[in-house]
Number of protein chains: 2
Amino acid sequence: MQTITDNRLKTQLLEKTKFANLFSTDIVPDTELLMFQSGEYIVQNGITPQYLFYLVKGKTKLYDELANGKIALIDFFMAPCFIGEMELFDAGRLPFGVQTINDCYCLALPVKKLKSTLLSDATFLKNICLYLADKNARNIKTASRNQGFTLAQRLAAFILMTNHDNYYQEKHTQVAQYLGVSYRHLLYVIADFVSSGYLTKTEKGYFVALPSALKELGKEAFSE
Amino acid sequence: MQTITDNRLKTQLLEKTKFANLFSTDIVPDTELLMFQSGEYIVQNGITPQYLFYLVKGKTKLYDELANGKIALIDFFMAPCFIGEMELFDAGRLPFGVQTINDCYCLALPVKKLKSTLLSDATFLKNICLYLADKNARNIKTASRNQGFTLAQRLAAFILMTNHDNYYQEKHTQVAQYLGVSYRHLLYVIADFVSSGYLTKTEKGYFVALPSALKELGKEAFSE
DNA sequence: CCTCAAGTATGAGATTTCTCATACATAGTG
DNA sequence: CACTATGTATGAGAAATCTCATACTTGAGG
């Protein structure tokens with residue numbers, strides 16, 4: 001982690017994201033700009049963060065680490081979004097880990113100083129409620145999908161959702177965690193898609209050769 | 001659903017749950033007392049509710065219905081707790097179904113009339129944030145547990161958590177949904193526990209004969 | 001008393017998914 | 001350059017879980 005002192009960049013990001021509009025008090029003077037390199041943790045599993053973060057650039061993922069050493073990838077967070085807001089309300093809570101996927105910039109508010117101000121700011125609280133409700137609904141959907149559909153169905157939906165110009169290029173290791181299956185099994189199903197002609201392997205990633213077939217397979221997991 | 005006009009009961013419940021303390025304005029005059037019979041839906045899947053509910057007596061369960069007809073039991077709600085709060089913030093959201101398990105009493109606030117008041121009430125918003133954060137953490141834990149552990153492990157933890165005086169008496173159909181497995185498979189694992197001597201079948205339910213063995217099995221799923 | 005819905009129970013066979021092992025490629029690092 | 005970590009890839013066998021079928025029981029309602 002690195003504090004960015006370049007005020008021009010900070011000002012620019014503040015304006016672009018309209019960060020100040022999320023609050024009814026003036027939090028700009030207390031706002032710091034932080035940078036996290038790819039792979040760094042913004043919030044470490046089990047350690048209460050000192051800041052409330054607002055991710056303005058970059059992509060992160062939220063983990064839950066289980067007692068048996070397994071890791072469940074719960075959700076992806078893309079800018080703009082809050083990070084560390086759950087810990088603001090319940091200091092006793094042990095937070096889930098949030099790791100960056102690429103270089104990330106965060107506007108950050110020191111909790112110690114601003115906690116009481118934030119907790120009585122209706123504008124801010126309303127925004128957080130909205131955000132939490134949305135996150136919750138997404139989590140529930142993901143979880144029940146993971147339970148109710150086979151990997152082939154979920155993967156088909158996932159490929160359709162994440163491909164760019166008909167090329168699917170996600171990292172298998174990460175996807176396996178997100179879809180809640182073993183790496184081995186994911187590869188097995190991908191190989192199946194290839195041998196069925198749904199996907200074609202190229203240097204640029206997997207080419208979605210039969211989107212209609214994937215749509216048919218994944219439509220139920222997708223629509224929900 | 002049934003509106004209870006017995007003001008004595010309403011007053012008693014209001015006092016017992018300190019409902020008024022959750023708000024900074026006086027919502028008592030607008031509060032209705034509603035009763036739902038066992039099995040009724042407080043919120044129907046996909047239909048935006050007209051009230052913000054506060055469950056004061058009874059036990060409910062939250063469902064997600066998937067496109068393939070399967071049902072995922074996401075969470076149980078026990079009094080006291082809010083119901084329908086997610087829809088308050090995002091009217092466009094399609095709510096998850098909430099069904100009562102036994103007879104339930106709810107204090108209810110009409111959304112249409114009070115929405116704007118509630119959304120600018122910092123005390124109320126703070127309470128909702130706390131509640132949402134907690135619910136979210138619980139959902140994440142449940143979901144990753146369902147993914148990361150076998151049914152035997154989860155069931156062991158579940159039995160230890162839900163038994164009364166060493167008797168386990170939950171309905172298998174419900175538990176299968178909650179633990180995210182087929183009824184058949186649940187029965188299979190229970191039969192296994194019985195033949196291993198962990199449980200003994202009696203007229204009063206299953207007797208937990210070897211809690212230590214269950215503890216050993218479920219400790220990882222439990223601790224998380 | 002009959003009937004229907006819901007819960008309980010068990011068998012057989014198929015599918016999904018996991019674990020472990022092993023091999024190779026690639027990128028970053030001292 | 002050698003070393004290491006990470007991602008990719010594939011095989012073999014086992015475990016977990018599912019679907020479908022079938023029966024019996026029990027409680028609620030007509």
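Letters go in sequence order (proteins before strands), and every chain restarts at 1.
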Sugar-phosphate means primed atoms, P, OP1 and OP2; the rest is base. With that split, encode nucleotides 24-30 of chain D 5' to 3' as B, S or - using protein heavy atoms under 4.0 Å.
-------
Apply the side chain to side chain contact (heavy atoms under 4.5 Å, CB included) test between [X] and each candidate in [options]; give the one that qualifies.
X	options	value
B/Tyr206	B/Ile190, B/Asn166, B/Ile159, B/Asn163	B/Ile190
A/Leu9	A/Thr11, A/Leu13, A/Asn7, A/Thr5	A/Leu13
A/Leu107	A/Thr17, A/Leu55, A/Leu52	A/Thr17

Tell me whether A/Phe89 at atom CZ has more than 12 heavy atoms from other residues, nucleotides or ligands lying less than 6.0 Å away.
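Atom CZ in A/Phe89 is crowded, with more than 12 foreign heavy atoms closer than 6.0 Å.
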Backbone of A/Phe82 reached by a side-chain donor or acceptor of A/Tyr131 within 3.5 Å:
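Yes; at least one donor-acceptor contact below 3.5 Å.
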Rounded to the nearest Å, what distance is computed from the [atom1] atom of residue [X] to the [atom2] atom of nucleotide [N]?
X	N	atom1	atom2	value
B/Phe193	C/dT10	CZ	C1'	18 Å
A/Leu155	C/dT16	CG	C1'	14 Å
A/Leu187	C/dT16	CG	C1'	16 Å
A/Gln174	D/dT8	CD	P	9 Å
A/Gln37	C/dG28	CD	C1'	13 Å
A/Leu179	C/dT16	CG	C1'	14 Å
B/Tyr206	C/dG7	OH	P	15 Å

I'd like to know if B/Asp134 pairs up with B/Arg138 as an ion pair, taking the criterion as any Lys NZ or Arg NE/NH1/NH2 lying under 4.0 Å from an Asp or Glu carboxylate oxygen.
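A salt bridge links B/Asp134 with B/Arg138.
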Measure all distances between protein nitrogen or oxygen atoms and nitrogen or oxygen atoms of nucleotides 14-20 of chain D, and list the pairs falling under 3.5 Å.
residue, atom, partner, partner atom, Å
D/dT17, OP2, B/Leu151, N, 3.0
D/dT17, OP2, B/His185, NE2, 3.0
D/dT17, O5', B/His185, NE2, 3.3
D/dC18, OP1, B/Ser182, N, 3.4
D/dC18, OP2, B/Ser182, N, 2.7
D/dC18, OP2, B/Ser182, OG, 2.9
D/dT19, OP1, B/Lys70, NZ, 3.4

Output all residues satisfying ring pair (Phe, Tyr, Trp, His ring centres under 6.0 Å) with B/Tyr51, sequence neighbours left out; order by chain, then residue number.
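Testing B/Tyr51 for ring pair (Phe, Tyr, Trp, His ring centres under 6.0 Å), a comparison that skips the adjacent residues, returns B/Phe53.
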Check whether A/Tyr167 forms a cation-pi arrangement with A/Lys204 (NZ or CZ under 6.0 Å from the six-membered ring centre, at most 45° off the ring normal).
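That pair qualifies as a cation-pi contact.
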